[in-house]
Amino acid sequence: MRLSLHKTIAFAAILFLVTNLAIAQETNYEASTLNALSEKFLENVKSGKDTQDIQDQLANTPLKTFENGLRTDAQKLAFWVNIYNAYIQVILSKNPELYNDRRAFFGENRIKIAGELVSFAKIEHGIIRKSQWPLGLGKIRKWFPNAFERKLRVKKRDYRVHFALNCGAKDCPPVAIYKAELLEEQFNQSTTMYLKKTTSYDASKNEAMVTALFSWFRGDFGNKSGVKHILKNEKLIPSTKGVTLIYKNYDWTLDLVSSNPS
């Protein structure tokens, strides 16, 4: 009887290990597949290749696959930044007139993911920025985000996404293909490149001319003091003491990377 019990316990332990190993392998496979799919999507867009098959896969993949497959913030950010940037190019290349009413363009549900239509605002402010109210300056959370958003959003906000997301405007960051395993290095690089391009410092006035992104999403950056520390770390201002920030006008001129993605 005791021997039989020991065999039962041993069998249960082996079954538990095998099952969890299989789940872990499946999860890793899903993450690898989803991130690779987003990379291929944007790669095809940038080279002007057809993307309809990839769009269909994104539309028909079950929500649970996204939930299980994109586990870490690096996986989520790389995936959703690629998806956002790709769909901006796809939709505006076909219908550039939509950009005439940008509030409606970003706010309307027009992207099908996991069988649900979502907006660019949902992806940016809900998933990538962890349920921030779009007009809340990075200081006000949404009260009642839906289940789709709660299941897929990041665990922690990362201000560097603002230097990776491309909304189709001339003053947006360049469209790059982000990889989860290289995200830290890529985000640092995109931040440095964008801020060097958009920041100028006048030592005689101790003034820094900076991107309007720092004003629109000030809470993401730690408000003015946080912005100044970011600029100092990037060696764009000599010190944070007494520096006046002047926010530039944002150039919303439509500027796409490819003339005819599909």
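The chain is numbered in sequence order, starting from 1. All values reported here derive from a predicted model rather than from experimental measurement.
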Enter the distance from [X]:[atom1] to [Y]:[atom2] here, rounded to the nearest 0.5 Å.
| X | Y | atom1 | atom2 | result |
| --- | --- | --- | --- | --- |
| Ile230 | Leu195 | CD1 | CG | 7.5 Å |
| Gln186 | Leu183 | CD | CG | 6.5 Å |
| Phe41 | Gln57 | CZ | CD | 11.0 Å |
| Ile83 | Ile128 | CD1 | CD1 | 10.0 Å |
| Ile88 | Cys172 | CD1 | SG | 8.0 Å |
| Leu165 | Leu213 | CG | CG | 9.5 Å |

Between the side chains of [X] and [Y], does any donor sit under 3.5 Å from an acceptor?
| X | Y | value |
| --- | --- | --- |
| Ser93 | Gln89 | no |
| Thr253 | Asp251 | yes |
| Arg160 | Thr191 | no |
| Asn146 | Lys122 | yes |

Atom of [X], atom of [Y] and distance for their closest heavy-atom approach:
| X | Y | value |
| --- | --- | --- |
| Leu34 | Gly69 | CD1-CA, 4.1 Å |
| Ala78 | Ser38 | O-OG, 4.2 Å |
| Thr192 | Glu234 | OG1-OE1, 2.8 Å |
| Pro62 | Ala114 | C-CB, 4.2 Å |
| Val243 | Ile237 | CG2-CD1, 4.2 Å |
| Pro96 | Leu254 | CB-CD2, 3.8 Å |

Looking at [X], I want to see if its [atom1] is surrounded by more than 12 non-hydrogen atoms of other residues, nucleotides or ligands under 6.0 Å.
| X | atom1 | answer |
| --- | --- | --- |
| Asn100 | CG | yes |
| Met193 | CE | no |
| Glu97 | CD | yes |
| Lys196 | NZ | no |
| Lys248 | NZ | yes |

Q. What class does the angle between the rings of Phe221 and His162 fall in, given that below 30° is parallel, 30 to 60° is tilted and above 60° is perpendicular?
A. tilted
Has the side chain of [X] got a donor or acceptor atom that lies under 3.5 Å from a matching backbone atom of [Y]?
| X | Y | value |
| --- | --- | --- |
| Lys76 | Lys155 | no |
| Lys130 | Arg153 | no |
| Asn85 | Ala164 | yes |

Q: Check step by step if side-chain contact (heavy atoms from CB on, under 4.5 Å) holds for Thr198 and Val210.
A: CA-CA 6 Å; Thr198 58; Val210 297; over 6 Å; no
[Y] and [X], any side-chain heavy atoms less than 4.5 Å apart:
| X | Y | result |
| --- | --- | --- |
| Lys228 | Lys232 | no |
| Trp252 | Asp171 | no |
| Thr199 | Thr211 | no |
| Thr33 | Thr65 | no |
| Ile113 | Phe66 | yes |
| Glu43 | Val45 | no |
| Tyr84 | Ile111 | no |
| Asp50 | Asn44 | no |

Q) For the residue pair Tyr87 and Phe120, is the inter-centroid distance of their aromatic rings smaller than 6.0 Å? A) no
Q: For residues 178-213, pull every pair meeting ring-ring contact (aromatic ring centres under 6.0 Å, His included), keeping only residues two or more places apart or in separate chains.
A: Phe163-Tyr194, Tyr178-Phe187
**Q.** Hydrophobic cluster membership, Tyr159 vs Leu137, 4.5 Å side-chain cutoff
**A.** no
Quick one: do [X] and [Y] make a salt bridge, cutoff under 4.0 Å?
| X | Y | answer |
| --- | --- | --- |
| Arg110 | Glu108 | yes |
| Lys179 | Glu39 | yes |
| Lys142 | Glu149 | yes |

Q: Give every residue pair that meets the salt bridge (charged side-chain N to carboxylate O under 4.0 Å, His left out) criterion with at least one member in residues 199-223, sequence neighbours excluded.
A: Arg129-Asp220, Arg157-Asp220
Q) Between Val81 and Asn166, is a side-chain contact (heavy atoms from CB on, under 4.5 Å) present by the stated rule, with each step listed? A) CA-CA 9 Å; Val81 169; Asn166 181 292; over 6 Å; no
Q | Set of ring pair (Phe, Tyr, Trp, His ring centres under 6.0 Å) partners for His125, sequence neighbours left out | A | none
Q. Could Arg141 and Trp133 be counted as a cation-pi pair, given that NZ or CZ must be under 6.0 Å from the ring centre and within 45° of the axis?
A. no
**Q.** Residues Trp216, Tyr247; criterion ring-ring contact (aromatic ring centres under 6.0 Å, His included); working and verdict
**A.** CA-CA 10 Å; Trp216 298 340; Tyr247 302 106; 9.6 Å; no
**Q.** Full working for side-chain contact (heavy atoms from CB on, under 4.5 Å) between Arg103 and Phe106
**A.** CA-CA 6 Å; Arg103 182 183 294 274; Phe106 291 112; over 6 Å; no
Q: Tell me, with the steps shown, if Glu116 and Lys112 meet side-chain contact (heavy atoms from CB on, under 4.5 Å).
A: CA-CA 5 Å; Glu116 181 169 334; Lys112 196 169 186 180; over 6 Å; no
